[in-house]
Amino acid sequence: MSPYAPLSTDGGAPGPEPGPADSAAEAVGAAGARAGRGPSGLRLAVVLACVLAVVQLVVVIAFAWPNARSGPHDVPVVLAGPGKAVAAVEDHMARAKPGAFDTSTVGDEQAAREAIEDRDAYAAIVADPAGPKVLVSSAASAAVAAAFTQIAGEIEEQSGKPVAVEDVRAAPGKDPRGAGFASSLLPLVLTGLIGGVLITLKVSGLRNRLAAAATFAVAAGLCTTAVVHGWIGALDGNYLAEASAVGLVVFTITVTVAGLGTALGHRGIGLALVTILLLGNPLSGVSTAPEMLPEPWGALGQLLPPGAGASLLRSTSFFDGAGSGGPLAVLLAWAALGLTLLVAGARVGRAKHLTVAA
């Protein structure tokens with residue numbers, strides 16, 4: 001036996017000395033392993049980069065496209081006054097901006113004001129023989145109010161008579177353009193999503209998950225409303241009503257994400273992110289109005305939690321709850337879906353656990 005023969009690792013008799021064939025096989029195997037890792041790693045890097053580029057493209061389109069194509073589409077407007085004068089105004093609006101406004105006629109100026117305060121219309125034109133008047137509501141939409149202020153200038157130029165513009169329900173003085181109101185929606189959406197994901201991944205048990213979602217919603221409603229209402233000044237309605245609306249928005253998003261995550265796993269969480277963040281947030285119309293988005297995306301946005309939540313909070317804060325029925329129904333439907341999925345997913349998980357234990 002060669003004096004250089006290796007000893008066995010267990011302290012027994014020395015093993016056979018490796019020959020040239022064994023060394024060559026090991027070298028080929030190592031080279032093959034390195035070669036296999038190289039191309040597969042490169043392919044993974046390229047695929048991941050392409051997927052990220054597609055995701056980025058989708059996000060850019062989702063957030064930029066609605067704003068780039070923003071403009072009035074069948075915005076509800078009421079007209080009041082003598083028949084001929086109303087017909088002339090309606091004809092001017094139809095020719096100036098075809099398809100921009102959905103006009104209806106009311107009896108007098110008081111009825112026009114009520115239509116705005118009840119959220120049946122964004123603006124009104126009163127064709128008074130003493131001088132036309134334009135009624136707007138910057139609290140409903142600063143963008144629509146600005147558009148009708150421009151229309152008032154056009155009417156004044158054509159008629160030669162001064163046109164008075166009155167803001168029937170103005171936005172709060174600290175937030176005249178509604179920027180603070182619009183900016184407060186995305187944090188609600190993001191924290192609701194994060195809360196749903198964390199509850200799905202970190203909290204076990206149906207009762208604990210429900211308790212976490214409810215506690216988070218109550219705390220978020222009270223604290224967030226205190227800041228947005230009291231400090232920022234973007235809300236000016238009843239504090240508890242506003243806090244309830246904010247809490248419902250957060251609870252709806254949280255339990256929807258948690259329900260989808262519990263029932264479908266990571267695929268459910270991904271579906272929630274796409275639906276609520278990539279679709280719901282840019283289509284909410286919170287910075288302008290749902291009718292300012294391209295059709296039919298504005299209407300679709302109102303069927304998703306962010307759009308319905310923004311409309312509910314706007315109605316609650318600025319219009320004493322007028323027009324809140326539809327958004328409230330949408331949020332409750334999503335919350336019911338999330339709770340149903342949460343309960344069903346928990347039962348399925350419990351059944352699987354019992355089966356494995358048996």
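Only heavy atoms go into these numbers, but all of them, side chains included; no hydrogens, no water, no symmetry mates. Nothing fancy with the numbering, it's 1 onward along the sequence.
Side-chain atoms of Ser311 and Arg119 form no donor-acceptor pair, as typed in the model, at a separation below 3.5 Å. In the model, His73 has no side-chain atom that pairs as donor or acceptor with a side-chain atom of Glu295 under 3.5 Å. Donor-acceptor pairing under 3.5 Å is lacking for the side chains of Thr225 and Glu242.
For the pair Leu79/Met93, a side-chain contact is recorded, criterion being any heavy-atom separation below 4.5 Å from C-beta on. Residues Leu342 and Leu206 are in side-chain contact: their nearest non-hydrogen atoms beyond the backbone lie under 4.5 Å apart. At a threshold of 4.5 Å between non-hydrogen side-chain atoms, the residues Val136 and Glu166 do not count as touching. Proximity of Val286 to Leu313: side-chain heavy atoms (C-beta onward) are nowhere separated by under 4.5 Å. Within the 4.5 Å cutoff, the side chain of Tyr122 has no heavy atoms near those of the Phe101 side chain. Considering only heavy atoms from C-beta on, Val189 comes within 4.5 Å of Ile276 through its side chain. In this structure, the side chains of Val257 and Ile194 stay at 4.5 Å or more apart for every pair of heavy atoms. At least one side-chain heavy atom of Leu331 sits less than 4.5 Å from a side-chain heavy atom of Val249.
A donor-acceptor pair under 3.5 Å is formed between the side chain of Arg209 and the backbone N or O of Thr200. Between the side chain of Asn208 and the main chain of Ser204, a donor-acceptor pair closer than 3.5 Å is present. The backbone N or O of Ala212 lies less than 3.5 Å from no partner atom in the side chain of Thr215, so there is not a single donor-acceptor pair. When atom types are taken as modelled, the side chain of Glu291 and the backbone of Pro72 share no donor-acceptor pair closer than 3.5 angstrom. In this structure a side-chain-to-backbone donor-acceptor pair under 3.5 Å is missing from Asp74 to Asp102. A distance-only check finds no donor-acceptor pair linking the side chain of Asp118 to the backbone of Asp120 [under 3.5 Å]. In terms of modelled atom types and a separation under 3.5 Å, the side chain of Trp334 and the main chain of Ala329 share no donor-acceptor contact. The closest donor-acceptor contact from the side chain of Ser324 to the backbone of Ser315 lies at 3.5 Å or more, if one exists at all. At least one donor-acceptor pair closer than 3.5 Å links the side chain of Arg314 to the backbone N or O of Ala139.
The two residues Leu193 and Ala272 come nearest to each other via the heavy atoms CD2-O, 4.2 Å. The shortest heavy-atom contact between Ala308 and Val330 is CB-CG1, 3.7 Å. Nearest heavy atoms, Ser284 versus Pro290: O-CG, 4.3 Å. Taking each heavy atom of Gly180 and Asp175 in turn, the nearest pair found is N-OD1, 2.9 Å. The nearest pair of heavy atoms linking Val126 to Glu109 is CG2-CG, 4.0 Å. For the residue pair Val144 and Ala289, the shortest heavy atom distance occurs at CG2-CB, 4.3 Å.
Counting only residues at least two apart or on different chains, the ring pair (Phe, Tyr, Trp, His ring centres under 6.0 Å) pairs with a member in residues 165-201 are Phe181-Phe318.
Residue Asp236 places its CG atom among more than 12 non-hydrogen atoms of other residues, nucleotides or ligands, all under 6.0 Å distant.
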